[in-house]
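Note sheet for the following structure.
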Amino acid sequence: KRVLATALSRFASEYTSERTVSVLALPSDEMKGKIIGRAGRNIRTLEAHCGVDLIVDDTPEAVVISGFDPVRRELAKRTIEKLMEDGRVHPARIEEVAEKQRNELMKSIKEEGERHVMELGVANIHPELVKIIGGLKYRSHQGQNALNQSLEVATIAGLLAAEMGVNVKTARRAGLLHNIGKAIYHTVGGSYAFVGAEVAKKYGESEGVCH
């Protein structure tokens, strides 16, 4: 147990950093001052609207975006990049840009889900489930991108079903949805498998797929 605990703890810092922190390159250190703002107003507004912590330290031409939710980190990254483009950074502008980027990010997540659902030939899937599937793009599963892993599982499940002479589309559907519990916010308790099954049931999936 001691050997395992020591090995895991040595690996954990690198893994945790990779999963909870995004580093955003800045065009110059001058931008750090704009991000912080007078008396820290800008950085507080950014953190409040994006739901992350921003770390502005001595690292040259970079700001660290910290947070457990990868979608929020992506929102913060897009918001800061947009603010850097036009150079105007003040609380009202931050609020406006963050809202616009949130809408664009949600749209891109939905489009990502729609594209993969279409590729797999999974029909009549609830729009909310499509968005959840798209959101897997920003999650990981055992070191692999959760969306890619779901697509692989769906494809392999379909191939296995064909070999066994059972319903290929149902197998693909279950494979595609098997990871959706990981895209549900951590405020919902329980195993991701059970959370995913409950969400699938809520949006009209069959008992077989939910199981």
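For reference, positions follow the sequence shown, starting with 1.
- The two residues A98 and H49 come nearest to each other via the heavy atoms CB-CB, 4.0 Å.
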Practice item. Test R78 against E81 for salt bridge (Lys or Arg N to Asp or Glu O under 4.0 Å), laying out the working first. Key: CA-CA 5 Å; R78 289 180 177 214; E81 283 174 343; over 6 Å; no
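- Using a cut-off of 4.0 Å between Lys/Arg side-chain N and Asp/Glu carboxylate O, E99 and R102 are scored as salt-bridged.
- The shortest heavy-atom contact between P70 and Y138 is CG-O, 2.6 Å.
- Looking only at side-chain heavy atoms (C-beta outward), H90 and R38 stay at 4.5 Å or farther from each other.
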Less than 3.5 Å apart, which donor and acceptor atoms pair up between the side chains of residues 53-65 and the rest of the protein, not counting sequence neighbours?
from	atom 1	to	atom 2	distance (Å)
D57	OD1	T59	N	2.9
D57	OD1	T59	OG1	2.8

Exercise for review: Kindly determine whether E112 and I109 satisfy side chain to side chain contact (heavy atoms under 4.5 Å, CB included), including the steps that lead there.
Suggested key: CA-CA 5 Å; E112 190 80 26; I109 284 173; 5.6 Å; no
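- In this structure, V117 is a member of the same hydrophobic cluster as V199, with clusters built from ILVMFWY side-chain heavy atoms closer than 4.5 Å.
- The pair R115-E111 does not count as a salt bridge, with every side-chain nitrogen at least 4.0 angstrom from each carboxylate oxygen.
- For D29 and K34, the salt-bridge test fails: no basic side-chain N is under 4.0 Å from an acidic carboxylate O.
- Note on residues 156-169: pairs passing side chain to side chain donor-acceptor pair (under 3.5 Å), not counting sequence neighbours, are N167-T170.
- Residue L83 holds its CG atom at 6.0 Å from CD1 of I94, rounded to the nearest 0.5 Å.
- The CD atom of E74 sits 9.5 Å away from atom OG1 of T79, with the distance rounded to the nearest 0.5 Å.
- Connection of V97 to L26 is established within a shared hydrophobic cluster, with ILVMFWY side chains joined at heavy-atom distances below 4.5 Å, either directly or through further cluster members.
- Between V168 and R172, the closest side-chain pair of non-hydrogen atoms falls below 4.5 Å.
- Between N42 and P91 there is a side-chain heavy-atom pair separated by less than 4.5 Å.
- Counting heavy atoms from C-beta outward, R173 and I125 have side chains that approach closer than 4.5 Å.
- A search for side-chain hydrogen bond (donor to acceptor under 3.5 Å, both in side chains) contacts involving R93 returns D86, E96, not counting sequence neighbours.
- By the salt bridge (charged side-chain N to carboxylate O under 4.0 Å, His left out) test, E104 pairs with no residue at all, sequence neighbours left out.
- More than 12 heavy atoms of other shown residues, nucleotides or ligands fall within 6.0 angstrom of atom NZ in K32.
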Exercise for review: Please lay out, stage by stage, how R139 and N179 fare under the test side chain to side chain contact (heavy atoms under 4.5 Å, CB included).
Suggested key: CA-CA 10 Å; R139 309 278 168 176; N179 248 350; over 6 Å; no
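- Of the possible donor and acceptor atoms, one in the side chain of R73 sits under 3.5 Å from a partner among the backbone N and O of G67.
- Judged as a ring-ring contact (aromatic ring centres under 6.0 Å, His included), the pairs with a partner in residues 108-127 (not counting sequence neighbours) are, in order, H126-Y203.
- Interatomic distance, K131 NZ to E114 CD, rounded to the nearest 0.5 Å: 10.0 Å.
- Grouping the Ile, Leu, Val, Met, Phe, Trp and Tyr side chains by contacts below 4.5 angstrom, directly or via other members, places V21 apart from V52.
- Counting heavy atoms from C-beta on, the side chains of K182 and S150 never come closer than 4.5 Å.
- Taken to the nearest 0.5 Å, the CD1 atom of I80 stands 9.5 Å off from the CG atom of L75.
- The nearest pair of heavy atoms linking A161 to A171 is CB-CB, 3.6 Å.
- A salt bridge does not link K202 to E128: none of the charged side-chain nitrogens sits closer than 4.0 Å to a carboxylate oxygen.
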**Study point:** Criterion side chain to side chain contact (heavy atoms under 4.5 Å, CB included) on M31 and V89, from CA distance to verdict
**Key:** CA-CA 9 Å; M31 194 64 200; V89 188; 3.8 Å; yes
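- Hydrophobic cluster membership for Y192: none, as no Ile, Leu, Val, Met, Phe, Trp or Tyr side chain comes under 4.5 Å of it.
- Between the CG atom in L120 and the CG atom in L151 there is a gap of 6.0 Å [rounded to 0.5 Å].
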**Study point:** Steps toward side chain to side chain contact (heavy atoms under 4.5 Å, CB included) verdict (V122, L177)
**Key:** CA-CA 11 Å; V122 179; L177 293 171; over 6 Å; no
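- With values rounded to the nearest 0.5 angstrom, M84 atom CE is found 9.5 Å from S28 atom OG.
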